[in-house]
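So the structure is just underneath, and the comments pick up after that.
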Amino acid sequence: MAYKTIQLLVNVNEDATPNAVVEFAIEFARREGAHLSALEIAQLVDFPIGRLLPLADAIIDQINDERLAKAKGIGDHVEVSARLAGVTADWSVAQLAPDAARKAAIAASRVCDLVIAPKSKGFFSSEEGLIEAVLFGAGRPVLIVPPEWEAGPLLDHVVIAWDGGARAARAVGDAMPLLEKAGRVEVVCVTEDQTGEALGGELARHLSRHDAKVSVTDLPLRNADAGRTLMDHLCAMRPSLLVMGAFAHAALLQHVIGGTTSLMLTDAKVPVLYSY
């Protein structure tokens, strides 16, 4: 499998434009020989009660106008930068209410090979709702890039968070075009009873048949917290990419995100490719 269409998803608000993530997506598309499709979402701000006051109504309209102009500016930047890099690209802007914005992001993401998006600013941020909607609703792998990541799409050291489960297996399959090119692939197993070799050995042998340079690392579970155990390893090793399955379960008709997935979505300092 090869990546032929990359979807760049940018949520536009009053925060700084994630230029490093835009450049990451363009360089990723260039290296993969892929088309880049960018969707800039300027979520509408609306406070119906506030619109009863003329001044508040004007402020709300100004915020929405500024978001729309900023989104168009990002699109123009994508178009010019992609052309200079030799990448075919298109872009579009959607200014929608939050629920409609999530649906638009999911629909766009379903017709690509990989989604690239900036990491959210944290709980209750507008980015978080979009990223979660795409991650758990689009059926496509999602590569989340921290806005401060300046190194680009390097593949010198790729870590796979491996628990032998179905979602981790799907993530490995989705990331295979990258794993085959990686300078080093480290299969990391957070274990309590099994050894890493017992859990990750078969995966390592499978990856070696794809000419990947593979090692297996056994991380003993610390403080009954697999997410923090993995995070500490990432902080120590500073890989260029983490590959992992995303976990969520339904509760009260909404997704409740698993502990490790939630921690990585908010705190990871390296790009993470998730599959669900």
Side-chain angles (χ1 to χ4, degrees), residues 5-29 35-84 87 89-112 114-138 140 142-150 254-255 265-266 271:
T5 303
I6 306 298
Q7 177 71 58
L8 172 62
L9 181 63
V10 180
N11 184 66
V12 180
N13 52 30
E14 288 64 54
D15 294 327
T17 301
N19 290 318
V21 182
V22 172
E23 298 306 321
F24 181 104
I26 292 171
E27 177 60 14
F28 189 102
H35 177 84
L36 180 65
S37 184
L39 175 60
E40 290 79 44
I41 294 183
Q43 293 191 51
L44 282 170
V45 175
D46 195 15
F47 300 102
I49 295 178
R51 286 191 176 276
L52 297 176
L53 302 174
L55 179 59
D57 188 52
I59 292 173
I60 291 170
D61 288 341
Q62 180 180 353
I63 292 173
N64 287 326
D65 289 344
E66 289 175 351
R67 287 187 173 189
L68 182 59
K70 186 176 180 180
K72 292 178 179 178
I74 294 173
D76 288 335
H77 173 69
V78 169
E79 182 177 3
V80 172
S81 297
R83 187 185 305 121
L84 292 174
V87 173
D90 67 83
W91 62 274
S92 60
V93 170
Q95 187 164 45
L96 301 165
D99 185 59
R102 288 190 288 270
K103 291 178 181 177
I106 290 172
S109 299
R110 283 177 175 164
V111 289
C112 73
L114 178 72
V115 180
I116 295 178
K119 188 180 74 172
S120 74
K121 298 296 189 297
F123 291 115
F124 306 116
S125 69
S126 55
E127 294 98 336
E128 185 185 35
L130 277 176
I131 289 171
E132 290 178 6
V134 171
L135 179 56
F136 297 112
R140 307 307 302 148
V142 180
L143 177 51
I144 303 298
V145 182
E148 66 274 13
W149 181 263
E150 299 284 351
Q254 294 193 8
H255 283 296
L265 282 170
T266 57

How many angstroms lie between [atom1] in [X] and [atom2] in [Y], if you round to the nearest 0.5 Å?
X	Y	atom1	atom2	result
Ser81	Ile74	OG	CD1	11.5 Å
Ile116	Ser109	CD1	OG	11.5 Å
Glu40	Leu68	CD	CG	11.0 Å
Ile63	Asn13	CD1	CG	11.0 Å

Stepwise side chain to side chain contact (heavy atoms under 4.5 Å, CB included) test for Arg110 and Gln7: CA-CA 9 Å; Arg110 283 177 175 164; Gln7 177 71 58; over 6 Å; no

Count the heavy atoms of every other residue, nucleotide or ligand shown that sit under 6.0 Å from NZ of Lys70, and state whether that count exceeds 12. yes

Does any part of the side chain of [Y], heavy atoms only, come nearer than 4.5 Å to the side chain of [X], both counted from C-beta?
X	Y	result
Ile41	Leu96	no
Pro271	Leu143	yes
Glu148	Lys119	yes

Holding to salt bridge (charged side-chain N to carboxylate O under 4.0 Å, His left out), I want the full list of residues that pass it with Glu14, two or more places apart in sequence or in another chain. Arg67

Could you check Glu150 against Glu23 for side chain to side chain contact (heavy atoms under 4.5 Å, CB included), going step by step and ending with a plain yes or no? CA-CA 9 Å; Glu150 299 284 351; Glu23 298 306 321; over 6 Å; no

Contacts of Glu79 that satisfy side chain to side chain donor-acceptor pair (under 3.5 Å) - sequence neighbours left out: Arg83, Trp91

Of Thr17, Val21, Ile144, which meets side chain to side chain contact (heavy atoms under 4.5 Å, CB included) against Pro118? Val21

Compare every heavy atom of Ser120 with every heavy atom of Ile131, then report the nearest pair and how far apart it is. CD1-N, 3.7 Å

Which side-chain N or O atoms in residues 99-107 pair as donor and acceptor under 3.5 Å with protein atoms at least two apart or in another chain?
unit_1: Asp99; atom_1: OD2; unit_2: Lys103; atom_2: NZ; d: 3.4

Has the side chain of Arg140 got a donor or acceptor atom that lies under 3.5 Å from a matching backbone atom of Val134? no

If we ignore hydrogens and angles and just use 3.5 Å, is the side chain of Asn64 paired with the main-chain N or O of Val45 as donor and acceptor? yes

Quick one, Thr5 with Val111, criterion side chain to side chain contact (heavy atoms under 4.5 Å, CB included). Give me CA distance, side-chain angles, the key distance, then yes/no. CA-CA 8 Å; Thr5 303; Val111 289; over 6 Å; no

